[in-house]
Amino acid sequence: MKTIRWLAALLLACLLWSGGALAAAGQLIILCYHEVGKTDEAASDPFAVDARSLVRQMEWMRGQGYSFVSLQQVLDDRAGGKPLPDKAVLLTFDDGYRSVYTNVYPVLKLFKAPALIALVGSWLQVPEGRQVSYGDGVAPRDKFLSWAQIREMRDSGLVEVASHSYASHLGLQANPQGNMEPALTTRVFRANGYESEPAYLARIRDDLRRNSALLKAQLGQAPRAMVWPYGSYSLEAARVAEQEGMPVTMSLDAGINGRGTALSSLRRVLLDANMNLADLAYQFKQLNGWPEGIRPEPSRIMHVDLDYIYDPNPKRQDENLGRLLDRVKAMGASTVYLQAFADPDGDGVARALYFPNRHLPMRSDLFNRAAWQLQTRANVRVYAWMPLLGFALPAGHPLAKEKVLALSAGGQLKQQGYARLSPYSQPARQLIRDLYEDLARSSRFNGLLFHDDATLSDFEDAGPAAERARLSQGLAAKVADVRADPAQMERWTRGKTELLDDFSLELAAVVRRYQPALRTARNLYAEVVLNPESEAWFAQSFDSALRYYDRVAVMAMPYMENATDPKAWMRRLFDKVAAKPGALEKTVFELQATDWRVRKPIPTAEMAATVRELNTLGARHIAYYPDDLFQDQPRLKEFRRVFSMTGQPEQ
């Protein structure tokens, strides 16, 4: 556990490092091109680059001191051989278009620049004169390379061939509603249910093996790199690729590659038809000027209950989802915290889930569809909002009694606050790990938001598993005895905070096997920021949250905290955050859109004024909860003027 926490802290410390303006030794920029058409030739493909632009881009890179390198040079550097030049660029070309031979190959020879081309075997197997099933339609076979052209480029020593799958550059049905998602990361949905994990792994293994065998038969050498179609991959898929002789795999994850970037997760920068020289220069500046090449951007976050979208009538449910997509786009949000568990009674406890899983009822197979639609149609990042411990198991479940228990004033053990499974119970922890793994397998998303159930009071946990844990730590078994000793109380408090951090990081590691670029966020009570001594009441620490999570979503909700002067309360909260170096870059100020004490909406004008104030003060990340699309709360027309990330003018 401590190792996980230490590694997480080290990673986040690296992310916060501001770095220099020049690329460090061993850093590598990988560029991803697709078709390269003739100059001034009209192209329907938005990712096509014309040949003149390619030449200008390469001239600019060379003029800036960049060196074009081969995959072999990258491997030599990683093996401790000749190091890469300080400003190294690897050129890659996806899909095997014939233009790589006619328009790119002469340029590579002119610049003496190596490149990697990624080939889809099934497309190359189509006889000349036939049509290739490509994207949503077909394309003539002569749009793609011939084997003779591939051999000529390979024999030149400039071009290496990578696999781009045999027949998996397509979407497969990923849910009952019919969304088509990348084949190599999708568990296919059919009439009889979802593809099993063994069947999924066998399918991708067969595809990768078949393409490697084809390329070896045609070119005399099997590929040693796998380029994931659509950039979509998982660590499970990368493990299969390595077993099939391809230890190098490439995605479309953002950023630069350092020596610490795994060869199985190399990042690439996608270039498109609109990338002019000014844009390219800006892109390179960001890559070389920020940790991992990713510029920290502000965010505006809508916190969405899928309970609002759910309807037992599939048609009405889909209509509700369409309304949500329209609202998210119109609001100008950058991110959605999307509920993955069902909580219709609003007690914060998951008794059912919105994804297929091994342990709880599924209210509706909705999360995957909603997350995919939000990412692809509303163009927002999606964080799966999940409880850490707050799962209520069906009656009769063997682990239903493995609950967090509190010591009452009368000395009795009882449940208080959220109903939660005990983090001290190993069987309960395994069940929760299963649920997070099921979520990660069934859906594609960008991050995790750990719910505000991730807390233990100063009277919790008093259950049997927690007593055994305290004894093993050299503490008194009984909560009353620990509370009577200030030294033990301090150790117990710190240990509970670490326990919750450890477990959340452990769950994030489970999800990263399937979502390698996963980001994390943690809900935190505002009192923990305002009064660090309150860690004893919550087992939450603002300092530790800043160390371990990419974002800390502080519940900036004055009415929930019974503040007599909400505006002054919010200013005090902001000042506490701003006083900590680097905290503003990671803190989300999550506003309330409802006053739950009186069950009335917060006036939109008041919410908008708070956003203006936070913007003026320098807040980077602002969220609100809940968004009610049916009651238009907050009112879209009024609120988007201050909230939007898409430049909506304030009127």
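FYI, the numbering just counts along the sequence from 1. Just so it is clear, the structure is predicted and the values come from calculations on it, not from any experiment.
- Summarising the geometry of Thr186 relative to Leu172, their closest heavy-atom pair is CG2-O, 4.0 Å, with the distance given to 0.1 Å.
- Under the 3.5 Å distance criterion, with hydrogens and angles disregarded, a donor-acceptor pair is assigned to the side chains of Gln72 and Asp76.
- Minimum interatomic distance between Met246 and Pro223 (heavy atoms only, all atoms of both residues): CG-O, 3.3 Å.
- Within the 4.5 Å cutoff, side-chain heavy atoms of Asn368 are placed close to those of Glu181.
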Between Glu437 and Arg441, is a salt bridge (charged side-chain N to carboxylate O under 4.0 Å, His left out) present by the stated rule, with each step listed? CA-CA 6 Å; Glu437 183 172 51; Arg441 285 175 173 172; 3.5 Å; yes

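- No option in Thr185, Asp253, Thr249 other than Thr249 meets the side-chain hydrogen bond (donor to acceptor under 3.5 Å, both in side chains) test with Trp228.
- Distance alone, capped at 3.5 Å, is enough to place a donor-acceptor pair between the Ser442 side chain and the Leu439 backbone.
- Between Val336 and the options Ile301, Asn446, Val304, a side-chain contact (heavy atoms from CB on, under 4.5 Å) holds for only Val304.
- When all heavy atoms of Ala508 and Thr520 are compared, the closest pair comes out as CB-CG2, 3.9 Å.
- Figure legend: cation-pi geometry between Arg187 and Tyr200, with NZ or CZ positioned under 6.0 Å from the six-membered ring centre and within 45° of its axis.
- Counting only heavy atoms from C-beta outward, the side chains of Met180 and Gln173 approach each other to under 4.5 Å.
- Among residues two or more places apart in sequence or in another chain, the salt bridge (Lys or Arg N to Asp or Glu O under 4.0 Å) test is passed with Arg130 by none.
- Residues Met275 and Gln57 have side chains in contact (heavy-atom distance under 4.5 Å, counting atoms from C-beta outward).
- Here the two rings, on Phe341 and Tyr354, have centers that are 6.0 Å apart or farther.
- Between the side chains of Gln283 and Asp279, no donor-acceptor pair is found at a separation under 3.5 Å.
- Under 3.5 Å, the side chains of Tyr101 and Glu152 contain a donor-acceptor pair of N or O atoms.
- In terms of heavy atoms, Asp550 sits closest to Leu518 at OD2-O, 4.5 Å.
- Within the 4.5 Å cutoff, no side-chain heavy atoms of Tyr233 are placed close to those of Met250.
- For the pair Asn175 (side chain) and Gln177 (backbone), a donor-acceptor distance under 3.5 Å is present.
- In terms of the side-chain contact (heavy atoms from CB on, under 4.5 Å) criterion, residue partners of Arg98 (sequence neighbours excluded) are, by chain and number, Thr102, Glu128, Arg141, Asp142, Ser146, Gln149.
- Between Leu306 and Leu338, the closest side-chain pair of non-hydrogen atoms falls below 4.5 Å.
- For the pair Asp207 (side chain) and Ala167 (backbone), a donor-acceptor distance under 3.5 Å is present.
- For the pair Phe68 and Met58, the minimum side-chain heavy-atom distance is below 4.5 Å.
- A donor and an acceptor atom, one from each side chain of Asp365 and Tyr194, are located under 3.5 Å apart.
- Side chains of Arg369 and Asn179: a donor-acceptor N/O pair is present below 3.5 angstrom, by distance only.
- A ring pair (Phe, Tyr, Trp, His ring centres under 6.0 Å) with Tyr230 is found for exactly one of His164, His169, His34, namely His169.
- A donor atom on one side chain and an acceptor atom on the other are found under 3.5 Å apart for Thr92 and Arg268.
- In terms of modelled atom types and a separation under 3.5 Å, the side chain of Gln515 and the main chain of Ser443 share a donor-acceptor contact.
- Minimum heavy-atom separation, Gly255 to Ile294: CA-CG1, 4.1 Å.
- Arg203 is linked by a salt bridge (Lys or Arg N to Asp or Glu O under 4.0 Å) to Glu195, counting only residues two or more places apart in sequence or in another chain.
- When only modelled atom types and interatomic distance are considered, Tyr549 and Asp501 share a side-chain donor-acceptor pair under 3.5 Å.
- Asp438 contributes atom CG, which lies 9.0 Å from atom OH of Tyr514 (distance to the nearest 0.5 angstrom).
- When side chains are defined from C-beta on, Glu35 does not count as touching Phe47, because their heavy atoms never get closer than 4.5 Å.
- Side-chain contact check for Val107 versus Val36: every heavy-atom pair is 4.5 Å or farther apart.
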Can you list the steps and then say if Arg239 with Glu236 is a salt bridge (charged side-chain N to carboxylate O under 4.0 Å, His left out)? CA-CA 5 Å; Arg239 186 175 300 113; Glu236 300 285 302; 3.0 Å; yes

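- Partner Val159 forms a side-chain contact (heavy atoms from CB on, under 4.5 Å) with one of Ile150, Ile117, Leu116 and no other, that one being Ile117.
- Heavy atoms only, all atoms of each residue included: Leu235 and Ser265 are closest at CD2-OG, 4.0 Å.
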